[in-house]
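Every chain is numbered from 1 and lettered A, B, ... according to where its sequence line falls, protein lines coming before strand lines.
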Amino acid sequence: MFSFWTQDFLSLDTTPTLNNYREFLAEPLYQELLRRSLIIAGSVTVVTVLLAFPIAYYVSFYVRPERKSLWLFLITIPFWTSYLIRVFLWRVILGFDGVVNTALMNLGLINEPLTFILYNPNAVVITLAHAFAPFAILPIFVALERIDRSLLEASRDLGENAFNTFRRVTLPLAMPGVVASVLIVFIPTIGDYVTPRLVGGPEGLMIANMIQTQFLRLNNAPLGAALAVIAMLSVTLISLAFIWLTRKYLRAR
Amino acid sequence: MTDRNAIIDLRDVHKHYGEFHALKGISMEIAEGEFFSLLGPSGCGKTTLLRSIAGFEDISSGALMLDGADMAGVPPNKRPTNMVFQSYAIFPHLTVGENVAFGLRRKTGLSKSDKARMVDEALEMVGLVGYGARAAHALSGGQRQRVALARALILKPRVLLLDEPLSALDKKLREQMQSELRRLQRQVGITFILVTHDQEEALIMSDRIAVMFEGRIAQLASPQDLYLRPKSRDVAEFIGVMNFFEGGFQTGAAGIEMTAQGLGAARITGDQIMGSGSGTSCAVGIRPESLSILFEGETTSERIAEGVVDDLAYYGDMTYYEVRLDGMDHPLTISMKNRAGRPVLERGVRTRVAWDPRSLVVFS
């Protein structure tokens, strides 16, 4: 609703208008921020799911059944600390004289601290990927657990080697879990503003930071609302397109 | 058997799972084109043996030859065997046709239309014409079974392995599939190896049966030999029902004289004696259908014992009587066909039981 109004300092003009959306289209900064947010969220999603799949696969296929709950328990340990503390820890790890740089310098692998790992989009991706890994692992793990192991034996029996069995049986059957992981990671990361603010630097700021600024600093709630609506719509469209594509891909096989 | 080539040759095969000794020295040959069954109670090692042949289990020692080649270290996808799984293992994300065609991808030199034609033929063979486009997860148990069969047979394996394929079906469907499997096997001429715990199923379907107990083959024989000449009391009790008497035998100049508590003495031949123990304190066995109740006015040339009807079970076509012979503390099971003019006896009635010494088996 706010997004169709205008705010003038402290008073709200409730005449419906599309001016806020026009401003989004007219101002390249907003579009740039949205594009950057989508790219960062997309990278986070790809990195997280690519890391989560092998972990889920390992726990599901190689960990003895009686140990599985222990593994899942360990995977959730990061949740025990506040998210803010975890982000700050990443600052310590990635910082100019942080753990990574100190270690690499002491090993003599680099001469001066790496700067591309903090206060830029890379740092945002690393931090968010770590934060969302458990959310990505669990749905994939559940999907893998549900696969009847005799299906994999049947595939081997019918002449396929281990790799093709994975490609033709395991992966298609795990896809519902992968889709769930992608959505669970992608949708909240788009709207994240804490991580970019803390580790993103100027290059890593995302659309949510702008929305926050509009609401709290610039006192322009209607424009902030419009940006939020646009971000939400983009996420919805991309998610639907993604679901549609995976369905089509699965159906074609 | 000897005139046909051995497609499978097992030599002293052992399998250990840690402390557990699942297969304790299995040696046998299975002939080409044979319908062979592995029969035994659960945990006897029959499924382990089947999975070893398929390549899902490595044997701990011994040799497993398939079609003349040693299978040590050969993965399942490189063996000339295909398997029908107990759960059928139908791929739920594929259609029926895609399931059947799954293994064809590895076959080179086949055009798309060749493959489509082979799938159609395979579906026709198992009676599923026109099911190709259906989703596999929507099939009934019997249909899944058929898809699993078609999927394996389309690859023309040297050996088809069936792991309790009928155990999940209801009785009617199971009986229908039994005769259908038999027909299919004769039609394609492929060696079938069936794992089952159902002795009736094994008897109906097999050319030969290996009865397994605790990782060993207790007896390997044709269904008739297995039923009529079981080598041990364990086998006799596992295959069908057998009545046992305490008894013994003595070999004299006139032949072998057997005595059994409750039945009396009779002359038997050497092939009725199983095992090589002494003639004192043996178990003497006889099948329920080899005993018969003599109704009022009936006569027989067979031997007669007397007793009391303890209990009975009426099955429609048959009646099963529990008869306690005079001087015995446990009843015998006797199966009688129900015929016109033959009454169903009541509990507590005295009756005569006819028996033939030729149908006795002595376990020494």
The interface call for Thr165(A) against chain B, heavy-atom contacts under 4.5 Å, is neither
Are the side chains of Pro76(B) and Glu153(A) in contact, using a 4.5 Å heavy-atom criterion? no
Rounded to the nearest 0.5 angstrom, the CZ-CE distance for Arg156(A) and Met83(B) is 14.0 Å
In this structure, CG of Leu158(A) is separated from CZ of Arg105(B) (nearest 0.5 Å) by 12.0 Å
Between Asn77(B) and Glu160(A), does a side-chain contact (heavy atoms from CB on, under 4.5 Å) hold up when you go through it step by step?
CA-CA 6 Å; Asn77(B) 46 325; Glu160(A) 292 294 11; 5.7 Å; no
Exercise for review: For Arg117(B), look at atom CZ and say whether over 12 heavy atoms of other residues, nucleotides or ligands are found less than 6.0 Å away.
Suggested key: yes
Handout entry: Flag if over 12 foreign heavy atoms under 6.0 Å of CD, Glu124(B)
Key = no
If you count every heavy atom of other residues, nucleotides or ligands that lies below 6.0 Å from Arg146(A) atom CZ, does the total exceed 12?
no
Whatever's closer than 4.5 Å to a heavy atom in chain A on Phe102(B) counts as both
So, the part of Asp148(A) with a heavy atom under 4.5 Å from chain B: the answer is side chain
Turns out that what part of Phe91(B) lies under 4.5 Å from chain A's heavy atoms comes down to both
The interface call for Leu104(B) against chain A, heavy-atom contacts under 4.5 Å, is neither
Rounded to the nearest 0.5 angstrom, the CG-CZ distance for Asp157(A) and Arg51(B) is 10.0 Å
Between Pro92(B) and Leu151(A) the two heavy atoms that sit nearest each other are CD-CD1, 3.7 Å
inquiry  = Is the shortest side-chain heavy-atom distance between Leu94(B) and Pro172(A) below 4.5 Å?
reply    = no
Under 4.5 Å to a heavy atom of chain A? For Arg79(B) that would be neither
